[in-house]
Amino acid sequence: MIQQNISLKPYNTFGLDATTKFFAEVNSVEELRTILQNPDYLLVEKLFLGEGSNILLTKDFAGLVVKINIKGIQKIDEDNTHIIIQAGAGEVWHDLVMYCVDNQYAGMENLSLIPGTVGAAPMQNIGAYGVEIKDIFEELQALNLETLAIETFKLTDCHFGYRESVFKHEFKGKYVITSVTFKLSKEPIFKISYGDIQKTLEEMGIKDLNIKAISEAVIHIRKSKLPDPAEIGNSGSFFKNPEIPKTQYDTLKEKFENIPSYPINESTVKIPAGWLIEQAGWKGFRDGRIGVHARQALVLVNYGGGTGEQIRALSEKIQASVQEKFGISLSAEVNFV
Ligand code: EPU
């Protein structure tokens with residue numbers, strides 16, 4: 001059941017060929033508990049993985065990797081307007097989105113085709129095209145790694161922010177998410193104002209708006225910009241979009257009049273990191289087996305055979321040049337292991 005010295009290449013979307021000393025897959029909370037109670041591995045460092053779509057393996061891992069494969073999608077409750085759906089942490093995120101779209105449960109369609117699993121999604125409050133998981137979140141169950149008890153986290157317990165949650169901060173390494181429950185609407189509320197959705201729907205010739213069409217538009221946009229990890233190793237956006245003081249933005253605007261921005265509040269604006277990286281000259285940059293995607297500068301890629309160390313070094317060079325040109329510090333969205 002526990003394998004030894006295996007390659008993690010199939011288990012991370014960057015396709016990095018780091019090894020792990022121990023590896024196990026768990027299909028249920030009970031299997032997870034059994035492994036955690038195994039005296040041979042009590043003191044061994046552990047890494048819990050979904051699809052490995054948000055990690056950068058910078059070296060071989062000397063501990064136990066546990067792939068969370070807990071499946072299952074079920075209706076928990078419903079009334080005339082809403083439906084409550086619970087999904088196992090190991091369900092593929094996009095499969096859950098397709099289940100909801102096919103059943104006309106609205107709320108997740110803008111989050112189509114995001115790589116990763118259901119259990120990983122709340123960790124960084126995944127988001128795209130104007131929707132974040134927090135908008136449809138009901139609660140989650142997580143295994144407390146100290147007590148091995150299942151605990152329930154409601155929306156306010158999770159402290160969701162932009163690509164942030166309590167599980168990346170005070171509860172980092174303390175819980176494993178085992179299932180997530182969502183509240184979806186039977187009456188669709190279309191969110192199409194963000195990015196190219198409206199334009200894409202028009203190009204698709206959609207007359208009667210519906211959630212399937214929005215999902216298809218999002219899939220179309222993502223496929224046109226983002227590399228498919230099955231073809232080119234990557235981890236989606238490598239950095240977060242930085243938030244800077246409005247005063248700093250005003251000064252930058254004098255020098256870079258086309259700088260794009262999204263207001264956060266009266267005193268803060270968000271700048272697309274992809275624009276900063278492109279302006280610093282990195283878009284399409286390639287150094288041997290790694291590089292910066294030619295259609296989305298926020299995505300670092302492994303063309304095959306690159307290492308996590310090389311990608312880390314490239315990310316640091318990008319950070320330094322963006323800092324030098326704009327005085328803005330980029331922080332990674334991807335987790336380094
Ligand atoms: N831009 C450039 N050059 C580039 C890329 C982007 O100038 O090479 C500028 C353009 O002005 C563009 C703007 O950046 O209009 C925004 O680009 P895009 O719509 O591609 O979105 P993003 O801000 O780069 C964020 C999320 C994505 C999410 C999209 C759509 C983050 C870190 N990333 O990217 O999420 O899919 O918005 O909502 O917030 C992910 O987290 O892995 C991810 C892919």
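Along the sequence shown, residues carry numbers from 1. Both counts, for ligands and for their atoms, begin at 1 and track the order of listing.
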field: Sub-4.0 Å heavy-atom contact, H293 with ligand 1
entry: no
message: Students often mix this up, so state it plainly: with edges at 30° and 60°, are the rings of F153 and Y175 parallel, tilted or perpendicular?
response: perpendicular
query: ligand 1 and S235, any nitrogen or oxygen pair closer than 3.5 angstrom?
result: no
query: Tell me, which protein residue and heavy-atom name are nearest atom 1 (N) of ligand 1, and how many Å apart are they?
result: W275 N, 3.6 Å
- line: If you scan protein heavy atoms around atom 36 (O) of ligand 1, the nearest is R222 NH1, 3.3 Å
- prompt: Would you call the rings of F171 and F167 parallel, tilted or perpendicular, where under 30° means parallel and over 60° means perpendicular?
  reply: tilted
query: Got the closest protein heavy atom to atom 31 (C) of ligand 1, with its distance?
result: Y162 OH, 3.4 Å
- prompt: Less than 3.5 Å between some nitrogen or oxygen of K240 and one of ligand 1, yes or no?
  reply: no
- request: Can you sort out which atoms of ligand 1 are near A128, meaning under 4.0 Å from one of its heavy atoms?
  value: 36 (O), 38 (O)
message: Given Q296, E278, E333, identify the one with the heavy atom nearest to atom 17 (O) of ligand 1.
response: Q296
query: Quick one: is the NZ or CZ of K67 closer than 6.0 Å to the six-membered ring centre of Y11, and within 45° of its axis?
result: no
query: Do NZ/NE/NH1/NH2 and the carboxylate oxygens of K240 and E333 come within less than 4.0 Å?
result: no
field: Protein heavy atom at shortest distance from atom 8 (O) of ligand 1
entry: A297 N, 2.8 Å
- prompt: Does N144 use its side chain to pair, donor to acceptor, with the backbone of A149 at less than 3.5 Å?
  reply: no
- prompt: Looking at atom 10 (C) of ligand 1, is any protein heavy atom nearer than 4.0 Å to it?
  reply: no
message: Does this structure show an ion pair linking K199 with E202, if we count only N-O contacts that are shorter than 4.0 Å?
response: no
query: Is the number of heavy atoms from other residues, nucleotides or ligands under 6.0 Å of H220 NE2 greater than 12?
result: no
field: cation_pi(R286, Y303) dist<6.0 Å, angle<=45
entry: yes
field: For P260, atoms of ligand 1 separated by under 4.0 Å from a heavy atom
entry: 11 (O)
query: Going by the order shown, which atoms of ligand 1 are within less than 4.0 Å of some heavy atom of G236?
result: 42 (O)
query: Under 6.0 Å from the NZ atom of K186, do we count more than 12 heavy atoms belonging to anything else shown?
result: yes
- prompt: Do D95 side-chain atoms and E91 backbone N/O form a donor-acceptor pair below 3.5 Å?
  reply: no
- request: Report the member of P272, P242, S237 with the shortest heavy-atom distance to atom 40 (C) of ligand 1.
  value: S237
message: Taking a cutoff of less than 4.0 Å between a non-hydrogen atom of the residue and any ligand atom, is F238 in contact with ligand 1?
response: no
Whether R163 lies under 4.0 Å from ligand 1, heavy atom: yes
field: Shortest protein contact, atom 25 (C) of ligand 1 (heavy atom only)
entry: N241 ND2, 4.1 Å
- request: Report, as yes or no, whether the 6.0 Å neighbourhood of atom NZ on K9 holds more than 12 heavy atoms from other residues, nucleotides or ligands.
  value: no
message: Determine whether any protein heavy atom is located less than 4.0 Å from atom 44 (C) of ligand 1.
response: yes
Ligand 1 atoms in contact with K283 (distance to a heavy atom under 4.0 Å): 3 (N), 4 (C), 8 (O)
task: Out of Y194, F239, Y129, Y262, indicate the one that has the non-hydrogen atom closest to atom 32 (C) of ligand 1.
output: F239
- prompt: CZ of R289: more than 12 outside heavy atoms within 6.0 angstrom?
  reply: no
query: Which residue owns the protein heavy atom closest to atom 19 (O) of ligand 1, what's the atom, and how far is it?
result: K225 NZ, 3.3 Å
